[in-house]
Amino acid sequence: WSSDVCSSDLLQHTTMPGMYETKAWGKVAKGSKFSEMKIQRNLPGAEDVTFELKFCGICHTDVHIADNHFGKTSYPCVPGHELAGVVTAVGAKVKAYKVGDKVGVGCVADSCLNCKNCDDGFEHTCSAGMTMTYDSETKHGHLKTNTGYTFGGYSGSETVHQRFLVKIPDSYPLEAAGPVFCAGITMYSPLAHWKATSGGLNVGVVGIGGLGQMGVRLAKAMGNKVTAISTSPNKKPVALEIGADDFIVSTDADSMAAGKDSLDLILNTVAAPHEISTYLPLLRRDGTLVQIGLDTTPHTIIQLPIMNKRIKISGSMIGGMKETQECMDFCAKNKIVPATQLITAAELDGVYERSEERRVGKECRSRWS
C-alpha cells in the first residue's frame with residue numbers, strides 16, 4: 001500500500017500541544033469500510049525520529065484486528081505494522097539517522113527500555129509488555145497519540161523513538177521493505193537463534209505461504225540445505241524455484257518416510273488447526289521444531305519419540321530490534337526482495353475481503369481434510 005498514491009501529506013495543524021495532525025485511512029467501527037481520517041502524533045523529542053510514510057505492507061493480522069476478530073479492537077483503528085518511508089525530522093540526541101534516510105518500523109513501536117529483555121535486545125518480549133505499532137496502549141511514554149493507543153502505517157507520517165527504527169539500505173527497494181519487518185524477522189530470528197546463520201544445517205520449512213517462502217530464501221542464503229514441507233504437491237515448483245533442495249508432501253506416507261531423521265531444524269509456519277507431532281519423525285537426534293504459525297487448538301504430543309531422540313519443541317515470535325536490523329541488512333546483501341503488488345487506499349476494502357475469504361476457505365479445508 002502506498003501513501004504516495006493517496007497524497008498523504010503531513011499537515012501543519014496541531015490540535016494538542018506537542019502534537020501534529022496527519023491523514024490516515026482506518027475503520028471507525030467493526031464491519032465498517034475504510035475511510036480517510038485525521039489522527040495526531042507527537043512531534044519528535046530529543047531521541048525521536050519523524051518520517052513520511054511512502055509504503056506500508058498489509059498483513060492478515062491487520063484484517064483480524066481491524067475487524068475485531070479478537071474482541072479487543074479500539075476504534076477508530078488505523079492498521080499497518082510494515083512501515084517504510086523517508087526521515088523528515090530528527091531529535092537533538094539522534095545520531096544514527098538524518099533527514100532523507102530510508103527507514104522502517106515493524107511490529108514493535110515502543111517498550112519500557114529498562115528491563116533485562118530490553119537491555120538484551122529483545123524489546124518484543126519486554127517485561128512490561130511491548131507497545132505494538134497500532135491499536136496498543138501508549139503506556140511507556142516514548143510515543144503519544146490523542147487517543148491513548150497507537151495508530152499504524154496506513155497514514156501520512158509516524159514518529160517513534162530512534163530505538164524502534166530500522167535503517168533501510170539505499171540499495172533496497174523501499175516498496176518491498178515492509179514485509180522484511182514482519183515475515184522476514186519472524187523467520188530470521190529462529191534461524192539465528194538455532195545457529196542456522198552459519199550454514200551447514202538441514203532446515204525444514206512447513207507451509208510455503210508468505211512466511212514459508214521467506215524462510216526458504218533466508219535459510220538457503222545462509223548456506224543450509226532446505227527442505228520445503230507442504231500438504232500441497234503443487235507448491236513444489238515454487239519451493240524449488242526459490243531455493244529449496246527437497247520437497248516433502250506431509251500428507252503422503254512415502255514422502256514422509258523418505259524424509260525421516262533428515263532435519264536439524266523445522267520452522268512450522270502453519271496457523272490452521274493441525275498436529276505438530278506429524279513433523280517430529282523428520283527430525284534427527286537433538287533436532288528442534290519451532291512453532292511460528294499460531295494455532296490455538298491443543299496438540300497431542302507422544303513422549304517416547306521426543307525422549308528417544310532428545311527432540312525439542314519451541315516457539316518464536318517476530319524478533320528484537322538488533323535482529324530486525326540484521327535481517328534487513330542480510331536481505332539487502334543477498335538480494336532477498338519480497339514480491340509485492342502496489343495498491344491504493346481505495347483498494348483496501350477489496351484486499352481485506354479477499355484475504356478474509358482465503359482465511360475462511362483454509363479453515364474449512366482444514367476441518368474437512
Side-chain angles (χ1 to χ4, degrees), residues 1-45 48-59 61-63 65-68 73-90 99-107 109-110 131-136 138 143-161 164-165 168 174-175 177-178 181 340-352:
W1 172 81
S2 167
S3 66
D4 276 355
V5 178
C6 307
S7 301
S8 306
D9 298 321
L10 178 65
L11 304 181
Q12 298 301 315
H13 176 60
T14 300
T15 58
M16 292 180 63
M19 304 187 78
Y20 67 85
E21 192 173 66
T22 186
K23 287 183 181 179
W25 287 263
K27 294 198 171 193
V28 296
K30 179 178 181 179
S32 69
K33 300 292 186 181
F34 275 94
S35 59
E36 184 177 315
M37 59 186 65
K38 293 180 179 179
I39 60 172
Q40 294 179 41
R41 302 192 187 277
N42 55 287
L43 293 167
D48 296 332
V49 174
T50 295
F51 62 99
E52 181 183 2
L53 261 295
K54 296 295 186 180
F55 304 97
C56 185
I58 299 174
C59 174
T61 301
D62 299 342
V63 180
I65 295 179
D67 288 336
N68 200 24
T73 302
S74 298
Y75 291 101
C77 175
V78 176
H81 59 250
E82 300 178 8
L83 291 66
V86 177
V87 174
T88 57
V90 298
V99 172
D101 281 350
K102 294 162 60 175
V103 297
V105 170
C107 302
D110 201 6
T131 295
M132 295 184 294
T133 306
Y134 68 93
D135 204 59
S136 186
T138 56
L143 57 81
K144 298 177 182 178
T145 67
N146 58 319
T147 60
Y149 62 89
T150 52
F151 295 119
Y154 300 2
S155 58
S157 68
E158 171 70 293
T159 299
V160 295
H161 188 284
F164 301 95
L165 278 177
I168 301 171
L174 193 61
E175 66 273 16
F181 311 140
T340 59
Q341 178 183 354
L342 185 65
I343 69 162
T344 66
E347 298 172 274
L348 282 170
D349 289 310
V351 171
Y352 270 51

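Note that these values count all heavy atoms, side chains included, but never hydrogens, waters or copies made by symmetry.
To the nearest 0.5 Å, atom CZ of residue Phe151 and atom CH2 of residue Trp25 are 14.0 Å apart. The structure places OG1 of Thr340 at 5.5 Å from CD of Glu175, a figure rounded to the nearest 0.5 Å.
For Glu158, the salt bridge (Lys or Arg N to Asp or Glu O under 4.0 Å) criterion is met by Arg41, not counting sequence neighbours. When the ring pair (Phe, Tyr, Trp, His ring centres under 6.0 Å) test is applied to Phe34, the partners found at least two apart in sequence or on another chain are Tyr154, Tyr352. With sequence neighbours excluded, the residues that form a side chain to side chain contact (heavy atoms under 4.5 Å, CB included) with Thr61 are Cys59, Ile65, His81, Tyr134.
For the pair Thr73 (side chain) and Ala66 (backbone), a donor-acceptor distance under 3.5 Å is absent. With hydrogens and angles ignored, the 3.5 Å screen pairs no side-chain donor or acceptor of Asp101 with any backbone N or O of Val87. For Lys27 (side chain) and Cys77 (main-chain N/O), no donor-acceptor pair under 3.5 Å exists by modelled atom type.
The side-chain heavy atoms of Glu82 and Phe55, taken from C-beta on, include no pair separated by under 4.5 Å. Here the side chains of Leu43 and Thr50 are not in contact, with every heavy-atom distance at 4.5 Å or above.
The shortest non-hydrogen separation linking Gly106 to Phe181 is CA-CB, 3.6 Å. Across all non-hydrogen atoms, the minimal contact from Asp62 to Gly80 is OD1-N, 3.7 Å.
No more than 12 heavy atoms of other residues, nucleotides or ligands sit less than 6.0 Å from atom NZ of Lys144.
Counted by atom type alone, Tyr20 and Ser157 present one or more donor-acceptor pairs between their side chains at under 3.5 Å. Looking only at atom types and distance, the side chain of Asp110 has no donor-acceptor partner in the side chain of Thr131 under 3.5 Å away.
With Thr159 as the fixed residue, the side chain to side chain contact (heavy atoms under 4.5 Å, CB included) test singles out one of Val49, Thr145, Asp48: Asp48.
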* To do: May I have the step-by-step check of side chain to side chain contact (heavy atoms under 4.5 Å, CB included) for Val160 and Thr133, ending in yes or no?
  => CA-CA 10 Å; Val160 295; Thr133 306; over 6 Å; no

